[in-house]
Amino acid sequence: RWRHDKDQEAAFCSGVTGVPLVDACMRELQATGYLGNLGRQIVAAYLVDDLQLDWRIGARWFEACLVDYDVHTNWGQWLRSAGAMSTNQGKQQRMEGMRYLDIAIRLPGDEAARMRQQVMDYHKPVIPRR
């Protein structure tokens, strides 16, 4: 099921995917060695669900970058993100139906749509926008 694409992997790790929230998270990780839990979940979902890349790419990258790295937490969270290990229903419900920009800005519909339009020229996305 998992695929590899060197260009998409490099864009993901470098924080130039074309999705501002994902890019900001990946750049924060690279610059500081830290990333909050929600950011970790967002980038993991992007790698696994949107890019459909092998989850181990993310696990290895986080292992290399995280200052607070813990083998059990890191690999366990990536396993959950990949769907290879169960997650709780509440977490799934929070994330379903919300796209990355909506998560980042938490604005009502019309305002979110205006903001979304403003970021369309940000970076060319590595996958087509929905």
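All heavy atoms count here, side chains included; hydrogens, waters and symmetry mates do not. From a predicted model like this one, the values you see are computed outputs, not experimental measurements. Counting from 1, the numbers follow the sequence of the chain as shown.
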- Note on the structure: side chain to side chain contact (heavy atoms under 4.5 Å, CB included) filter on C13, not counting sequence neighbours, yields W61
- Query: Which residues pass the side chain to side chain contact (heavy atoms under 4.5 Å, CB included) test with V71, sequence neighbours left out?
  - Reply: Y69, W75
- Task: Name all pairs fulfilling the salt bridge (charged side-chain N to carboxylate O under 4.0 Å, His left out) condition that reach into residues 56-67, sequence neighbours left out, sorted by first residue then second.
- Result: D54-R56
- Query: About how many Å separate CD of Q8 and CG of D50, when rounded to the nearest 0.5 Å?
  - Reply: 10.5 Å
- Query: To the nearest 0.5 Å, how far apart are SG in C65 and CE in M26?
  - Reply: 6.5 Å
- Can you name the side chain to side chain donor-acceptor pair (under 3.5 Å) partners of T73, sequence neighbours left out? D70
- How long is the gap from CH2 on W55 to CG on D49, to the nearest 0.5 Å? 14.5 Å
- Query: Say you draw a straight line from CD of Q41 to CD of Q77; how long is it, rounded to the nearest 0.5 Å?
  - Reply: 6.5 Å
- Could you walk me through whether L21 and Y46 pass the side chain to side chain contact (heavy atoms under 4.5 Å, CB included) check? CA-CA 10 Å; L21 180 58; Y46 180 76; over 6 Å; no
- Query: With a 4.5 Å heavy-atom cut-off, do L53 and H4 have their side chains touching?
  - Reply: no
- Please answer whether the main-chain N or O of Y34 pairs with a side-chain N or O of T32 as donor and acceptor at a distance below 3.5 Å. yes
- Rounded to the nearest 0.5 Å, how far does CZ of F12 lie from SG of C25? 9.5 Å
- Item | Positive for side-chain contact (heavy atoms from CB on, under 4.5 Å) with L35, one of R40, R27, Q30 | R40
- Task: Under the side chain to side chain donor-acceptor pair (under 3.5 Å) rule, collect the residues that match up with D5, sequence neighbours excluded.
- Result: none
- Message: With rounding to the nearest 0.5 angstrom, report the CG to CZ distance, L51 to R3.
- Response: 7.0 Å
